[in-house]
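For reference, the structure discussed in these notes is given below.
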Amino acid sequence: MNNTLRCLAVFWTVACVIAVSIWGPETLAKYKDRGILNEAHIEVVEEAGEGYRYKMNANEKLYILSRCLGAQLLSEYDPANTDLAYEDLEGSYAFVRNYNGPSGKEITNEQIYETCNQGLEMLKELGILPEEVRKVNADSYDATLYSAIDVLEPRNNVAVWKMELSNSQRNADKANRLIDAFIDADDGKIYEFYVRTPLVWGEIDTDEIVEAWGAYMGLDAPVAYESDNPLLETTPYFKKYVFAGMGDGKTIVTVGFYEGISELFLKIS
């Protein structure tokens, strides 16, 4: 009798295990569905493609642009290399014209002139440029979109507009005019400029200019660039500053003045 009971117990145990394995998951799924269907549920997920977007800070963008502009200058010694430029041991940097135009996120061809004028007004308010500097317009200026790219890390890239006085204005009066500038294609900030002004070198406080410009760009505070070499520029009137870049890299910003043509400039290198 005991053996019979034990056999029956084993039989029903095995039967229950088989039944649960077959119908259990389906029953559990139906039960779970009743708690989900016909109700609104919110789940936080990453946006599509978000993993491919990388936002650099102001110091990093300035550094990438400075490296790419430096690579462009070096590549000019090689007439066979007109777009992609210099490679060195630290990486490859390219400054290339964007023939496709704005992607929809950048400032457009139609907007860039007004954006540039807004930037000039801001620089005037900050005391970086004198009030006499005139506005730009499409009749007298050419605007070209470029991409500054760290080729080894393509996510490190900066889109910029180059605004330059048109060749048609070569013989025109350049007094109080912007000669050229690089403008961020995302936020319209002016990275670099050359401007004819009524100023003389003695009226230019480079420390005030670079401090105001750094705050305008959203950069960390600079330090003075220590060098006794007077041949760093083609003018004796300049002062250099160092901003933090990426990693151990640094960006040098020069505020200078060409006396013969009364041209104030701020450039990055």
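Sequential numbering from 1 along the given sequence is applied to the chain's residues. Note that these values count all heavy atoms, side chains included, but never hydrogens, waters or copies made by symmetry.
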Using 0.5 Å steps for rounding, measure from the [atom1] atom of [X] to the [atom2] atom of [Y].
X: Lys55; Y: Asn57; atom1: NZ; atom2: CG; value: 9.5 Å
X: Lys135; Y: Ser140; atom1: NZ; atom2: OG; value: 14.0 Å
X: Leu264; Y: Glu203; atom1: CG; atom2: CD; value: 11.5 Å
X: Lys250; Y: Ser269; atom1: NZ; atom2: OG; value: 14.5 Å
X: Thr144; Y: Asn98; atom1: OG1; atom2: CG; value: 11.0 Å
X: Glu192; Y: Ser66; atom1: CD; atom2: OG; value: 10.0 Å

**Message:** For Phe182 and Phe95, take the angle between the two ring planes, folded into 0 to 90°, and tell me which bin it lands in: parallel under 30, tilted 30 to 60, perpendicular over 60.
**Reply:** perpendicular

Report yes if some heavy atom in the side chain of [X] is under 4.5 Å from a heavy atom in the side chain of [Y]; otherwise report no.
X: Leu65; Y: Tyr146; answer: no
X: Asp207; Y: Lys239; answer: yes
X: Pro130; Y: Leu199; answer: yes
X: Glu259; Y: Thr235; answer: no

Look only at the side chain of [X] and the backbone of [Y], and say whether a donor-acceptor pair between them is shorter than 3.5 Å.
X: Asp150; Y: Arg155; answer: no
X: Lys162; Y: Asp180; answer: no
X: Trp161; Y: Ile107; answer: yes

Considering all heavy atoms of both residues, which atom of [X] and which atom of [Y] are nearest to each other, and what is their separation?
X: Trp201; Y: Val255; result: CH2-O, 4.3 Å
X: Lys124; Y: Glu131; result: NZ-O, 3.5 Å
X: Ala181; Y: Ile190; result: CB-CG2, 4.3 Å
X: Arg134; Y: Leu120; result: O-CD1, 3.9 Å
X: Cys68; Y: Ala94; result: SG-O, 3.4 Å
X: Ala172; Y: Arg177; result: CB-NH1, 4.2 Å

**Item:** Short side-chain donor-acceptor distance under 3.5 Å, Gln169 and Ser166
**Value:** no

**Asked** Checking side chain to side chain contact (heavy atoms under 4.5 Å, CB included) against Tyr93, which of Val151, Leu69, Ile64 comes through?
**Response** Ile64

**Request:** Among Leu219, Asn59, Leu62, find the one that has a side chain to side chain contact (heavy atoms under 4.5 Å, CB included) with Thr251.
**Result:** Leu62

**Item:** Close aromatic pair by centroid cut-off 6.0 Å: Tyr141 and Tyr113
**Value:** no

**Asked** When you look at CD of Glu211, are more than 12 heavy atoms from neighbouring residues, nucleotides or ligands closer to it than 6.0 Å?
**Response** no

**Request:** Taking atom CE of Met217 as the centre, report whether more than 12 heavy atoms of other residues, nucleotides or ligands fall under 6.0 Å from it.
**Result:** yes

**Derivation of the side-chain contact (heavy atoms from CB on, under 4.5 Å) call for Tyr241 and Thr206** = CA-CA 10 Å; Tyr241 302 83; Thr206 60; 2.8 Å; yes

**Prompt:** Under a single-linkage rule joining Ile, Leu, Val, Met, Phe, Trp and Tyr whose side-chain heavy atoms are separated by less than 4.5 Å, which residues share a cluster with Leu232?
**Reply:** Val223, Tyr225, Phe238, Val242, Ile252

**Request:** Report yes or no: do Ile261 and Val200 belong to one cluster of Ile/Leu/Val/Met/Phe/Trp/Tyr joined by side chain heavy-atom distances under 4.5 Å?
**Result:** no

**Request:** For side-chain contact (heavy atoms from CB on, under 4.5 Å), just list the numbers for Cys116 and Leu178, CA-CA rounded to whole Å, side-chain angles, deciding distance to a tenth of an Å, and then say yes or no.
**Result:** CA-CA 10 Å; Cys116 181; Leu178 176 72; 3.9 Å; yes

**Asked** Does the ring of Tyr194 carry Lys267 above it, NZ/CZ under 6.0 angstrom from centre and within 45° of its axis?
**Response** no

**Message:** With side-chain contact (heavy atoms from CB on, under 4.5 Å) as the criterion, how do Tyr191 and Lys61 come out once you've worked through the C-alpha distance, each side chain's angles and the decisive distance to 0.1 Å?
**Reply:** CA-CA 10 Å; Tyr191 285 105; Lys61 292 172 71 175; 3.4 Å; yes

**Prompt:** Could you walk me through whether Thr197 and Phe257 pass the side-chain contact (heavy atoms from CB on, under 4.5 Å) check?
**Reply:** CA-CA 10 Å; Thr197 78; Phe257 185 75; 4.3 Å; yes

**Message:** Under 4.0 Å between a side-chain nitrogen and a carboxylate oxygen: does that hold for Lys240 and Glu233?
**Reply:** yes

